[in-house]
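Reviewing the structure listed below.
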Amino acid sequence: MTRARADMIEDTRARLIASARHAFATQGYAHTSMDDFTARAGLTRGALYHHFGDKKGLLGAVVAQLDGEMDARLQQITEQADEPWSGFCERCRAYLRMAQDPEIRRIVLQDAPAVLGDAASANQQLCIDSLRQLLDTLMQAEIIEPAPSQALARLINGSLVDAALWIARDEQPGERLEQALQGLELLLRGLKHPG
């Protein structure tokens with residue numbers, strides 16, 4: 001495949017994802033038609049079918065893009081922290097705050113679980129892996145109690161995801177966010193090594 005052809009394919013995919021992302025965030029998955037976002041991207045339904053199979057496949061691509069961006073934001077918080085424990089705690093808080101971002105709230109936390117089912121949770125593996133690595137670092141530094149890091153990462157991720165879903169379902173998620181952050185502080189204190 002020539003470089004020009006590869007660039008054209010990537011451009012088509014990027015335009016479809018960007019158009020669908022905007023439509024899903026503003027109107028919701030159920031209220032958008034393939035014609036809406038293919039026309040906005042200046043493309044045809046055929047392009048959508050060729051690259052993503054269908055509207056559901058395009059939603060999966062949009063969710064994967066958003067998950068990657070969310071993980072990058074969380075990783076940046078970890079890397080910019082003065083020390084590992086504060087980075088870990090702020091990362092957990094930031095994940096809950098993301099539930100108030102309109103795009104994440106609508107696409108990742110509301111539409112994706114309803115439409116993609118188990119496929120939506122498959123995208124969580126990136127978050128679980130980076131969380132596990134961070135937990136390993138915290139255990140090696142004796143900042144938190146030792147435990148099986150894969151299991152602990154899944155428990156923490158699961159509680160954060162469930163709390164984020166709870167926050168996203170509320171018409172005024174600010175109160176739920178504050179309650180979740182208070183509960184998170186208690187959980188985080190329980191992880192810390194007593195010394």
Side-chain angles (χ1 to χ4, degrees), residues 17 21 24-25 59-114 116-195:
I17 289 172
R21 185 170 167 168
F24 295 154
L59 176 64
V62 169
V63 170
Q65 184 181 68
L66 280 164
D67 277 345
E69 290 171 9
M70 291 168 67
D71 192 61
R73 285 166 56 184
L74 295 172
Q75 197 60 36
Q76 185 178 22
I77 289 167
T78 301
E79 291 167 1
Q80 291 178 347
D82 292 336
E83 46 91 18
W85 175 249
S86 65
F88 171 74
C89 293
E90 189 51 39
R91 177 188 180 116
C92 293
R93 291 181 200 111
Y95 184 85
L96 292 178
R97 288 184 190 112
M98 285 183 199
Q100 289 191 310
D101 178 293
E103 195 175 44
I104 291 169
R105 181 179 181 199
R106 184 67 174 261
I107 299 171
V108 176
L109 298 173
Q110 292 175 341
D111 287 346
L116 301 175
D118 289 341
S121 61
N123 288 326
Q124 287 293 319
Q125 192 58 47
L126 185 62
C127 290
I128 292 168
D129 290 342
S130 61
L131 188 56
R132 183 194 51 75
Q133 291 170 6
L134 181 55
L135 290 167
D136 282 338
T137 300
L138 292 170
M139 284 184 237
Q140 289 168 3
E142 297 182 351
I143 295 170
I144 65 172
E145 293 285 339
S149 60
Q150 180 70 11
L152 189 55
R154 288 185 171 279
L155 286 165
I156 293 168
N157 184 72
S159 65
L160 290 172
V161 168
D162 190 64
L165 290 167
W166 178 64
I167 292 164
R169 286 188 200 111
D170 193 16
E171 289 301 315
Q172 297 176 339
E175 185 177 332
R176 286 187 179 182
L177 174 62
E178 287 309 312
Q179 291 173 1
L181 288 171
Q182 288 175 16
L184 177 63
E185 293 310 313
L186 183 62
L187 290 174
L188 291 173
R189 282 197 303 260
L191 288 173
K192 196 139 190 228
H193 197 283

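Worth saying up front: this structure is predicted, and the values here are computed from it rather than measured.
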Legend entry - Atom pair CZ/CG of R93 and L188 - distance to nearest 0.5 Å: 6.5 Å
Legend entry - Minimum heavy-atom distance between P113 and L165, given as atom pair plus value: CG-CD2, 4.2 Å
Legend entry - Side-chain heavy atoms of F88 within contact of T137, under 4.5 Å: no
Inset, instruction - Could you pull out all residues at least two apart from D129 that satisfy side-chain hydrogen bond (donor to acceptor under 3.5 Å, both in side chains)? - result: Q125
Inset, instruction - Considering non-hydrogen atoms only, spot the tightest contact between P146 and M139 and give its length. - result: CA-SD, 3.7 Å
Distance-only check: which donor-acceptor pairs under 3.5 Å involve side-chain atoms of residues 69-76, not counting sequence neighbours?
unit_1: E69; atom_1: OE1; unit_2: R21; atom_2: NH1; d: 3.3
unit_1: E69; atom_1: OE1; unit_2: R21; atom_2: NH2; d: 2.6
unit_1: E69; atom_1: OE2; unit_2: R21; atom_2: NH1; d: 2.8
unit_1: D71; atom_1: OD1; unit_2: S130; atom_2: OG; d: 3.1
unit_1: Q75; atom_1: OE1; unit_2: R91; atom_2: NH1; d: 3.3

Legend entry - Residues which pass side-chain hydrogen bond (donor to acceptor under 3.5 Å, both in side chains) with S86, listed by chain and number, not counting sequence neighbours: E83
Inset, instruction - State, to 0.1 Å, how close A99 and R105 come at their nearest heavy-atom pair, and which atoms those are. - result: O-CB, 3.4 Å
Inset, instruction - Could you tell me which non-hydrogen atom of A164 sits nearest to which non-hydrogen atom of L109, and how far apart they are? - result: O-CD1, 3.7 Å
Legend entry - Inter-residue atom distance C92.SG - I156.CD1, 0.5 Å rounding: 6.0 Å
Legend entry - Partners meeting side-chain hydrogen bond (donor to acceptor under 3.5 Å, both in side chains) with Q140 (sequence neighbours left out): none
Legend entry - Closest heavy-atom pair and its distance - Q179, W166: OE1-CH2, 3.1 Å
Inset, instruction - Would you give the length of the straight line joining atom CG of D101 to atom CZ of R106, rounded to the nearest 0.5 angstrom? - result: 13.0 Å
Legend entry - E142: side-chain hydrogen bond (donor to acceptor under 3.5 Å, both in side chains) partners, not counting sequence neighbours: none
Inset, instruction - Please round to the nearest 0.5 Å and tell me the distance separating atom CG of L187 and atom CG of L160. - result: 8.5 Å
Inset, instruction - Report yes or no: does Q110 contribute a side-chain atom to a donor-acceptor pair with the main-chain N or O of A168 at less than 3.5 Å? - result: yes
Inset, instruction - Might you work through the side chain to side chain contact (heavy atoms under 4.5 Å, CB included) test for R154 and N157, ending with a clear yes or no? - result: CA-CA 5 Å; R154 288 185 171 279; N157 184 72; 5.8 Å; no
Legend entry - Residues forming a side-chain contact (heavy atoms from CB on, under 4.5 Å) with A153, sequence neighbours excluded: I128, L131, R132, L135
Legend entry - Any side-chain heavy-atom pair of E145 and L191 under 4.5 Å: no
Legend entry - Residue pair R97 / E90, side-chain heavy-atom distance below 4.5 Å: yes
Legend entry - Minimal non-hydrogen separation, L96 against A163, with atom names: CD2-CB, 3.7 Å
Legend entry - Between CZ on residue F24 and CG on residue L66, distance to nearest 0.5 Å: 11.0 Å
Inset, instruction - Supply the atom-to-atom distance W85 CH2 to I143 CD1, rounded to the nearest 0.5 angstrom. - result: 8.5 Å
